[in-house]
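Atoms within each ligand, like the ligands themselves, are counted from 1 in listed order. Keep in mind it's a predicted model, so treat the numbers as computed, not measured.
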Amino acid sequence: MKLISAVVPCYNEEAAIPYFYKEICAVADHPRLKAYDFEFLFVNDGSSDGTLALLKKLAAADRRVRYVSFSRNFGKEAAMLAGLTEASGDYVTILDADLQDPPSLIPEMIDYVEVGDETGKCYDCVATRRVDRTGEPPIRSFFARQFYKLMNRISKTDIVDGARDFRFMTRPFVAALLELKEYNRFSKGLFGWVGFETKWIEYENVERVAGETKWNFFKLLLYSFEGITAFSTVPLALSSVAGIVLCMVAFLALIVIIAKTLLWGDPVSGWPSLACIIVFTAGVQLLCTGILGQYLSKTYLEVKGRPVYIIKEKNTGVPGEEPTKN
Ligand code: UDP
Ligand code: MG
């Protein structure tokens, strides 16, 4: 029997988990999927509400429920990595706890991997993207769109607009992802980077079932910097180009000034333009130093080699073995 691991990152999802659990059980218990075994791997990302207690309760009643609990909040990227690492299934899928990633799509995803599409082509990974952004603040949608446009222009890795982290992956695909040991993880890019055959399926945006979103505008902005620095070095090249262009402009200006002084002898006028030039060049220099700093800081964190997350407790055992209950 093939095992499907459903990885669920949870951060203060006490309100949403009961709905999620009901929904995923309905899928797992459906006669259509009786040939598959399931494990529901919840990753408690340092929740401050009753998430962990709830997970323990579920685990005590259902052997399929496994949990990994972090020592503090490490972020969704860390939670997904922990889930992929701990998952022992032949197939692994990642879903949000808020039901924005409908578990009901899983049977269709299995078909794409095992049976193939209309032409009989089988895939290593089935990914989802939402076709609309209803229910999202317009300003957030606008910046999100611009981010994807920019990313695809400056990065070789394809990063799909509206792509969710909701995926169904085969074991070789997961193994490839786990090979990537980087500390600054931007999964939306990593999924594309590892390659393999990916089938994209689309669905309409669903609003979260309960609880609140964990992302604010500032957090998303920082996350987008992460994406840019992790998948493109174009900003570094741009700052070099800006430096070269400014040098050329300065050189031309120098020639003009010398010629002007020799012809007309005009030593004092022109300080306003000088002030502008100084401020402008100082601004460009700071911008470029800032860009450099972004990459340097990522390298710094990378070099330190700190673990991406720290597990405080878990009930996932050695792959294939029954979980040890506490
Ligand atoms: N999440 C997490 N750690 C965090 C933030 C979020 O594990 O620091 C989880 C959260 O519990 C949820 C998923 O990531 O299952 C997506 O978060 P959310 O629904 O808040 O994001 P949105 O759908 O609004 O983009
Ligand atoms: Mg959500």
Side-chain angles (χ1 to χ4, degrees), residues 5-24 40-55 58 65-87 92-103 105 127-145 147-148 159-167 183-188 191 203-224 226-227 308-312 314:
S5 305
V7 169
V8 194
C10 307
Y11 177 50
N12 293 344
E13 297 288 8
E14 186 183 29
I17 288 173
Y19 296 100
F20 176 84
Y21 178 67
K22 212 173 128 212
E23 194 87 0
I24 191 102
F40 312 137
L41 182 57
F42 293 90
V43 183
N44 171 34
D45 183 13
S47 303
S48 52
D49 66 354
T51 298
L52 182 59
L54 180 61
L55 293 180
L58 290 177
V65 176
R66 296 180 173 206
Y67 63 84
V68 170
S69 185
F70 286 175
S71 58
R72 64 168 171 85
N73 179 245
F74 282 91
K76 189 184 175 190
E77 286 292 343
M80 288 195 292
L81 177 65
L84 293 179
T85 311
E86 298 288 327
V92 183
T93 171
I94 303 176
L95 308 101
D96 282 2
D98 56 6
L99 285 182
Q100 282 189 300
D101 301 330
L105 287 177
T128 57
R129 69 180 281 262
R130 42 183 190 170
V131 281
D132 62 336
R133 289 177 173 270
T134 37
E136 199 180 66
I139 181 101
R140 187 163 146 180
S141 300
F142 172 77
F143 277 102
R145 285 221 176 80
F147 167 71
Y148 285 108
I159 294 169
V160 179
D161 185 6
R164 309 240 347 139
D165 294 323
F166 181 24
R167 283 188 172 240
Y183 180 82
N184 295 287
R185 299 185 78 83
F186 185 72
S187 285
K188 284 186 170 59
F191 290 141
Y203 67 95
E204 309 249 309
N205 194 25
V206 195
E207 296 204 23
R208 78 163 26 244
V209 59
E212 274 172 13
T213 174
K214 311 297 176 304
W215 299 85
N216 56 34
F217 188 76
F218 186 64
K219 249 178 141 178
L220 280 173
L221 188 73
L222 287 182
Y223 188 56
S224 71
E226 194 102 332
V308 179
Y309 54 84
I310 290 169
I311 295 176
K312 191 174 160 201
K314 62 176 184 179

## Note on the structure
With sequence neighbours left out, the residues meeting ring-ring contact (aromatic ring centres under 6.0 Å, His included) with Phe186 are Tyr223
#### Entry: First-shell residues of ligand 1 [heavy atom, distance under 4.0 Å]
Pro9, Cys10, Tyr11, Glu13, Asp45, Asn73, Gly75, Lys76, Asp96, Ala97, Asp98, Gln100, Arg140, Arg208, Thr213, Lys214, Trp215
### Results of ring-ring contact (aromatic ring centres under 6.0 Å, His included) for Tyr183 - residues two or more places apart only
none
### Task
Answer yes if the side chains of Thr51 and Glu13 hold a donor-acceptor pair under 3.5 Å, and no otherwise.
no
### Message
Could you check whether any side-chain heavy atom of Met80 comes within less than 4.5 Å of a side-chain heavy atom of Val7, counting everything from C-beta outward?
### Response
no
## Note on the structure
One checks the Mg ion (ligand 2) and counts protein N, O or S atoms under 2.8 Å, reaching 2
### Lys314 and Glu86: CA distance, side-chain angles, deciding distance, salt bridge (Lys or Arg N to Asp or Glu O under 4.0 Å) verdict
CA-CA 10 Å; Lys314 62 176 184 179; Glu86 298 288 327; 3.1 Å; yes
#### Entry: Partner of Asp96 by salt bridge (charged side-chain N to carboxylate O under 4.0 Å, His left out), out of Arg167, Arg130, Arg164
Arg164
### Query
Is there a side-chain contact between Pro18 and Leu54, using heavy atoms and a 4.5 Å cut-off?
yes
### Query
Should the heavy atoms of other residues, nucleotides or ligands under 6.0 Å from OH of Tyr19 be counted, would the total exceed 12?
no
### Message
Would you say the rings of Phe40 and Phe20 are close, in the sense that their centroids are separated by under 6.0 Å?
### Response
no
